[in-house]
Every structure is written in C-alpha cells, then in structure tokens.
> 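Quick one: this structure, given as structure tokens, is what I'll be asking you about.
As the structure is a prediction and not an experimental result, all values here were calculated from the model. So that the names make sense, note that chain A is the first sequence line, chain B the second, and so on, each numbered from 1.
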Amino acid sequence: MEQVLKTHKVTKYFYEPEKFQVLKEIDLSVNRGEFLSLVGKSGCGKSTLMYVLSTMDTDYEGELEIAGERLTDRDQNQLAAFRNQHIGFVFQFHYLLPEFTVLQNVMIPALKLAKYSKREIEDRAYEKLKMLGIQEQALKQSSKLSGGQQQRVAIARALINDPDIIMGDEPTGNLDTYNTHLVFEIFQELTHKYHQTIIAVTHDDEFAKKSDRIVEMSDGRIVKH
Amino acid sequence: MKLVAEIAKTHLLSKPKQTIVAMMGVTFGIGMFIAMVSLMTGLNNFTEELTMTSSPDIHIYNDVTEGRPSIIEQVNTNGINVIHHQKPKNETSKVRNALQIAELIRKDPRVKGVAPSISSQVFYNYGPVQLSGNILGVDILEEDKLFGLRAKMKAGRIEDLKANHDGLIMGKGLARKLNINVGDRVVMTTPQGYTMTLKVVGIFQMGIGTVDNVRSYANISTVQTILQQDHFYITDINIKLHDINLAKGFAPLLSDMYGYKSEDWETANATFLTGSIIRNILTYSVSITLLIVAGFGIYNILNMTIYNKMKDIAILKAMGFAGKDVKLIFMIQSLVIGFIGSVLGLMIGFGLSSLIAQAPFDGGDFISIDRLPVNFDPKYYIIGIVFGVLTTAFAGYMPSRKASKIDPIEILRGQ
C-alpha cells in the first residue's frame with residue numbers, strides 16, 4: 001500500500017502557561033485510501049497532532065512527510081501553496097465565506113491553485129456539489145443554507161482540488177444525528193469509491209467505530225492503532 | 001491576483017454603507033484640499049501678478065537715508081571713533097548720469113526694457129484739504145512698454161500725456177478721492193513749497209490700492225519743473241528683465257557697478273511674498289489634517305473589518321492563501337477606497353472651486369476684483385490624488401499586515 005502521510009518522532013511542547021510536552025515522539029503512517037479516526041480524551045493532543053499534520057503548525061520537532069514531500073522546515077508561504085494543492089479541510093464549523101455564493105465558496109481554492117480555467121473549475125465545482133446532493137443550492141448565498149448543507153458545501157470545497165488527504169477536526173461535532181450520519185456516509189463513499197484518504201479527529205465513538213482505522217491517543221502518545 | 005481582487009471587491013460590496021462612509025472621509029479631505037488650494041493659490045497668483053506688473057523687476061535709486069561713512073572715520077581710520085545719531089547729508093535723490101546708465105543697461109541681453117523716471121512726494125489740493133501722494137515723471141511710452149499701462153487706462157489715452165505738456169494721468173482711487181474727472185485741473189504742492197496746476201488727461205487703474213490711491217504720472221520735464229530741477233534730474237531707473245527670476249542675482253551687480261541702491265522685486269514686495277508663504281502653509285496644514293483624519297477613519301474601518309473577518313482569514317490561510325495574499329486583499333480594499341474617494345474628492349473640489357469662482361467679491365480699495373480669483377491648475381489635482389491614495393495606503397497597511405499575521409490554528413481550533 002502507498003503511504004500518503006508519514007511522521008517520524010513528532011514532538012511538540014506548549015510553553016503557556018508552563019512548559020508542557022503535548023506530543024511525544026509520534027510515529028504515524030497513513031495509507032492512501034484509508035479512513036482514519038483520531039480519538040482520545042480531551043487534552044490528549046489529538047487536535048494538536050492534526051494541526052501539525054495539516055502543516056499549519058510548524059512549531060514541532062521531528063519529521064513530517066506528505067505525498068512523498070518532506071514538509072518539515074519549509075516556510076509558511078510554501079506550506080500554504082502545498083496545502084492548497086494537497087490537503088482539504090473540514091472543520092467543526094463550516095467556515096464558509098458568508099459574502100460569497102455556495103458555488104464561489106467551492107471554487108475559491110481551485111481559483112487559487114489556477115490549474116484549470118474558470119469554466120472548468122465551475123464545472124468541477126458543480127460536479128462536487130452534485131456528488132454531495134446540494135447542486136440546487138449552488139447559487140445561494142452560503143449563509144442562507146442549513147447547518148448540514150453548509151457542512152456538505154465545506155466538504156465539496158475540501159474536495160475541489162482533488163487533495164491527497166482530507167483532514168477533519170470534529171467534522172460532525174456541530175451536527176445533529178441525521179447530518180452526522182450523512183457526513184459519515186459521504187466520507188465512507190469518498191474512501192471506498194474514490195480512494196480518498198481522510199484523517200478525522202473525533203470524540204464521537206460511533207463515528208470512529210465505523211471508520212477503517214482508529215488511532216487512539218493518550219497523554220501525547222499513540223496508544224492503540 | 002485576480003482572485004484576491006475578486007475577494008476584496010466582494011468584501012467592499014457586501015458592506016456598502018461602511019465602504020461609502022470610509023470613502024466620504026477621503027472625499028471630504030481631498031475636496032476641501034482642492035477647494036482651499038485653488039482659492040489660496042488663485043489669490044497668491046493674482047496678487048503676485050498685480051505686484052509683478054506694477055513694480056519693476058529691478059529698481060535703481062539714490063537712497064539718501066542709507067548709512068554713510070562719517071568724515072572722522074575717513075580721516076582717522078585706525079583710531080577709535082564714536083559717532084552718535086548721524087543724520088543723512090543734505091543731498092538730492094538725483095541719480096547722476098542716469099540717462100547714460102539707462103543706455104548701458106539697455107544693451108544687456110537679459111534686459112527687456114529700461115525706463116528712467118523721477119518720483120517725488122506731492123500734496124494734492126482738494127479745496128482746503130491736502131491729500132498726500134506721489135507723482136512720477138516718466139516717458140509714458142517707455143513706461144507702457146514696461147508695465148502695460150495702456151491696458152490699465154480707465155479714461156483717456158496715454159498719448160494724451162505726450163501731447164499735453166501740463167497733463168497728468170491719475171490713479172483711479174486718487175481721482176475718486178479728489179472728485180476729479182478727465183479734463184479737470186488739479187493743484188499740487190511739492191514738499192519744497194512749489195505749487196503747480198496740472199490738467200488730468202487720463203485715469204488709470206493698476207488694481208492695487210497702494211498704487212491707485214496715491215500715484216499720478218506726468219511727463220519727465222513737467223516733474224523736473226515742479227521740483228525746480230535741471231533737465232538731467234532723474235531719480236529712478238526701472239528695469240524689466242526677460243526672466244524675472246534673474247532679478248535677485250542681477251540687482252547687486254548693478255548696485256556694485258553704478259554705486260546706487262538697486263532693489264529687486266522680491267525684496268521690494270517682501271510683505272506680499274510672506275503673505276503667500278503663510279497662506280500656503282495654512283492650506284497645506286489644514287489639508288493634511290483633514291487627510292489624516294480621513295486616514296484614521298480608514299484605519300478604524302479596516303481594523304473592524306479584519307476583526308469581523310478573523311474566521312474568513314483563518315480559513316483562507318488553511319485553504320492555501322499565503323500571508324501576502326491576505327495582506328493584498330485588505331490593501332486592495334483600502335486603495336480602492338482611497339482612489340475612488342480621491343477621484344470623487346477631486347470632482348467635489350472642482351465643483352466647489354467653480355462655485356467660489358462665480359461668487360461675487362468686492363476687493364474694496366485694496367484690490368480691484370469683483371470675483372474671487374481661483375486657480376484651476378491641474379498640478380494641484382495630481383497632488384490631491386497622490387496625497388489621497390498615499391494616505392489611505394498608509395492607513396490600510398497596518399491593519400492589512402495584522403491580518404496577514406493571523407494564526408489560523410488559534411481561530412480554527414474553536415475551543
């Protein structure tokens with residue numbers, strides 16, 4: 001199996017209010033097409049680990065490699081460009097840009113990447129929205145949608161550049177049971193049908209249980225995987 | 001780049017009220033700047049032009065009040081001499097060899113024209129009342145070449161003075177005070193006590209009270225007669241140059257060469273020029289203040305916007321926008337506000353200036369104008385827009401930089 005993400009002895013400290021080791025020599029590798037849940041008690045470091053993996057947090061020791069590229073010690077601008085192409089994000093809140101339409105929100109990361117023409121990007125955005133069953137909402141203002149719909153738009157946005165990994169920080173944390181179920185099904189379909197790699201931080205055991213692989217953390221260490 | 005501009009545009013359009021308020025700050029500042037600068041420079045140019053046309057570039061005369069070395073200093077050169085309250089010698093203000101000097105100066109290629117003349121204090125008698133003023137003995141055609149007198153005549157012609165040996169061309173203000181029209185006779189007395197009657201053949205108006213209310217022109221020979229002097233008596237030589245800016249350097253040379261006081265126009269009109277400088281300082285300081293206030297407005301609004309858009313900025317950064325992209329989004333916003341605000345300001349400034357230019361204004365005896373002079377020099381419009389855009393760029397830079405430094409993790413963790 002192809003490894004899409006690999007860490008070697010990732011260690012991180014918090015300095016406020018006092019020095020505290022949150023991540024202790026984490027070695028983790030994720031295969032392409034894997035649906036991985038990162039679980040653990042509050043404060044165990046799972047979110048912190050995910051932000052290190054997301055490349056947004058660069059203040060760590062050890063090595064991080066995604067899609068065969070070593071990302072440790074790269075500067076912020078390079079990492080931003082890397083994220084744009086290789087990583088999609090789904091957060092607890094949708095974080096859609098309220099002034100833009102649904103379609104525009106989905107298109108923005110692709111326009112930033114500028115790999116395709118605007119016309120093609122629009123077609124691709126429609127395709128993703130259709131896949132998530134919300135193409136009718138495409139031209140609505142993103143703030144006019146329901147919570148579940150907004151989260152699906154956020155997933156479409158995460159998918160638009162065909163990223164190597166989708167990272168989710170409590171992607172269902174703010175949704176009701178129905179929508180949680182829906183998002184989960186989408187994730188499952190993405191991994192099984194499209195071989196999309198997903199890493200999701202969650203404290204929802206039910207959600208985690210249904211994923212392909214559960215990585216449990218405790219006190220900054222991976223205790224079970 | 002195009003995407004960044006698109007996002008900036010959407011931000012501006014989604015909060016139109018806020019955008020308009022920010023723009024109005026700039027518009028008001030630039031508009032007032034244009035209106036003020038147009039009026040002030042208009043006034044400055046107008047008065048400068050008036051003084052320029054009514055005063056010579058260089059004026060050579062015999063300054064009898066100027067300090068002179070005392071006799072004891074000439075005799076006892078190495079001793080310690082104490083002289084207290086030395087008075088001027090009793091001498092006439094005659095410039096010796098004036099006509100020859102004038103002829104020599106005329107040969108200089110820098111010189112446009114030279115007019116020798118005689119000036120004297122006189123009293124104009126109006127019944128029992130005596131008004132003090134002065135009389136200038138001139139070759140009126142030569143004087144016209146230098147000061148364009150012909151265009152300033154309100155009644156009569158300058159040739160009438162040539163034809164009338166006892167003719168007089170009088171300033172408009174003075175004529176009004178004396179209740180005189182063309183053809184009337186006026187009696188004048190010199191400080192030496194000589195009285196003479198002259199006939200007014202023309203009335204002129206320079207536009208400056210200090211000239212129009214006191215001056216009369218007569219023929220050189222007439223004034224020589226009034227002053228009981230010979231035919232070589234000349235007290236002043238007036239010079240106009242091709243380039244007025246050479247006057248300051250040229251005047252001392254003439255002074256050294258001929259031994260008489262030689263004064264350039266800048267020195268002679270120092271009060272006028274000081275006035276212009278003070279008006280300019282006022283204009284610019286008020287305008288800069290207005291623009292700084294507008295700048296603070298933009299700073300505030302952008303700061304608020306960025307505070308409200310923390311989440312948007314965080315997600316943009318997560319999705320792959322670099323710090324400089326985020327900075328650009330907000331810089332574009334402030335520059336657009338600045339540019340559109342400035343252009344509107346220029347239009348409002350132009351409108352205000354046009355209104356001011358139409359407003360009737362009575363300059364009184366001091367300056368003869370019926371409307372305020374307004375300057376429409378495009379230079380100030382360019383200064384205005386550059387100024388406006390620079391201020392907003394500066395005001396927008398700090399909040400934009402702050403936005404580019406936002407750490408997305410802090411916001412996205414949502415805990």
Side-chain angles (χ1 to χ4, degrees), chain A residues 42-43 46-48 50-52 54-59 75-101 104-114 118 121 141-143 154 157-158 160-161 163 167-170 173-174 201, chain B residues 1-20 301-302 304-333 336-337 400-415:
Chain A
S42 204
K46 58 185 192 298
S47 276
T48 308
M50 205 212 73
Y51 284 103
V52 169
S54 78
T55 77
M56 281 193 269
D57 190 346
T58 51
D59 182 22
D75 77 27
Q76 287 291 351
N77 289 345
Q78 288 174 328
L79 290 174
F82 182 85
R83 283 198 295 277
N84 184 224
Q85 191 172 1
H86 298 277
I87 306 176
F89 289 98
V90 182
F91 298 97
Q92 182 172 0
F93 304 102
H94 55 83
Y95 293 120
L96 298 176
L97 304 181
E99 298 93 351
F100 292 85
T101 63
Q104 283 172 322
N105 264 288
V106 177
M107 285 168 71
I108 283 174
L111 292 170
K112 172 71 188 157
L113 185 63
K118 195 169 177 182
I121 290 169
Q141 212 65 14
S142 65
S143 51
R157 181 176 64 182
I160 189 75
N161 283 341
M167 295 199 184
D169 184 8
E170 307 275 7
N174 207 32
V201 169
Chain B
M1 181 65 210
K2 212 177 136 200
L3 174 63
V4 161
E6 195 72 25
I7 294 174
K9 187 179 121 193
T10 311
H11 279 176
L12 285 175
L13 293 180
S14 66
K15 288 236 167 62
K17 235 186 241 169
Q18 192 180 284
T19 308
I20 286 167
I301 284 174
L302 268 187
M304 286 257 295
T305 309
I306 287 162
Y307 185 79
N308 289 334
K309 297 217 173 301
M310 290 279 230
K311 284 184 193 166
D312 297 17
I313 295 166
I315 192 69
L316 284 173
K317 285 187 139 187
M319 289 189 309
F321 284 72
K324 62 179 194 314
D325 298 325
V326 173
K327 184 156 58 177
L328 210 55
I329 290 177
F330 292 98
M331 278 308 283
I332 288 173
Q333 294 188 39
V336 165
I337 290 174
S400 304
R401 213 175 67 118
K402 202 172 84 183
S404 78
K405 294 229 150 81
I406 284 174
D407 180 5
I409 304 170
E410 271 174 41
I411 293 146
L412 296 174
R413 281 193 80 142
Q415 284 163 12

> Apply side-chain contact (heavy atoms from CB on, under 4.5 Å) to the pair A:R157 and B:I315, showing each step before the final yes or no.
CA-CA 11 Å; A:R157 181 176 64 182; B:I315 192 69; 3.4 Å; yes
> Residue by residue, which of residues 82-90 of chain A have a heavy atom closer than 4.5 Å to a heavy atom belonging to chain B?
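Only A:R83, A:N84, A:F89 of residues 82-90 of chain A have a heavy atom under 4.5 Å from chain B.
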> Just so I understand: if I count every heavy-atom pair under 4.5 Å between each of A:P98, A:P163, A:A80 and chain B, which residue has the most?
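Top option by heavy-atom pairs under 4.5 Å: A:A80.
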> What's the separation between atom CE in B:M319 and atom CG in A:L97, rounded to the nearest 0.5 Å?
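Reported to 0.5 Å precision, the distance equals 5.5 Å.
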> Measure the spacing between CG of A:L96 and NZ of B:K311 and express it to the nearest 0.5 Å.
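Answer rounded to 0.5 Å: 11.0 Å.
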> Looking only at non-hydrogen atoms, find the nearest pair between B:T10 and A:F100 and report the distance.
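Closest approach of B:T10 to A:F100: OG1-CE2, 3.2 Å.
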> For the residue pair A:E99 and B:D312, establish whether any side-chain heavy-atom pair is separated by less than 4.5 Å.
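Yes, their side chains come closer than 4.5 Å.
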> So which atom in B:G323 and which in A:N77 form the shortest heavy-atom distance, rounded to 0.1 Å?
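In terms of heavy atoms, the two residues are closest at N-OD1, 3.8 Å.
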> Does a sphere of radius 6.0 Å around CE in B:M304 hold more than 12 heavy atoms from other residues, nucleotides or ligands, not counting ones at 6.0 Å or beyond?
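No, not enclosed.
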> When rounded to the nearest 0.5 angstrom, what is the spacing between CG in A:D59 and CG in B:D407?
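With rounding to 0.5 Å, CG (A:D59) is 10.0 Å from CG (B:D407).
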> Partners of B:K317 by side-chain hydrogen bond (donor to acceptor under 3.5 Å, both in side chains), sequence neighbours excluded?
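side-chain hydrogen bond (donor to acceptor under 3.5 Å, both in side chains) check on B:K317 returns nothing, list empty.
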> Assess whether side-chain contact (heavy atoms from CB on, under 4.5 Å) is satisfied between B:D325 and A:K112, documenting all intermediate values.
CA-CA 10 Å; B:D325 298 325; A:K112 172 71 188 157; 2.6 Å; yes
> Is A:T48 in contact with chain B via its backbone, its side chain, both, or neither, using a 4.5 Å heavy-atom distance?
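When you check distances to chain B, atoms from both the backbone and side chain of A:T48 fall under 4.5 Å.
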> Measure the CZ-CG distance between A:F91 and B:L412 for me, rounded to the nearest 0.5 Å.
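Answer for the CZ-CG pair, A:F91 versus B:L412, is 4.0 Å.
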> Using non-hydrogen atoms and a 4.5 Å limit, figure out which bit of B:L13 sits close to chain A: side chain, backbone, both or neither.
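Neither part.
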> Can you measure from CD (B:E6) to CE (A:M107) and round to the nearest 0.5 angstrom?
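If we round to the nearest 0.5 Å, B:E6:CD and A:M107:CE are 9.5 Å apart.
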> Does any backbone or side-chain atom of B:K309 lie under 4.5 Å from a heavy atom of chain A? Answer side chain, backbone, both or neither.
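The answer is the side chain of B:K309.
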> With a 4.5 angstrom heavy-atom cut-off, which part of A:L79 approaches chain B: side chain, backbone, both or neither?
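For A:L79, neither part sits under 4.5 Å from chain B.
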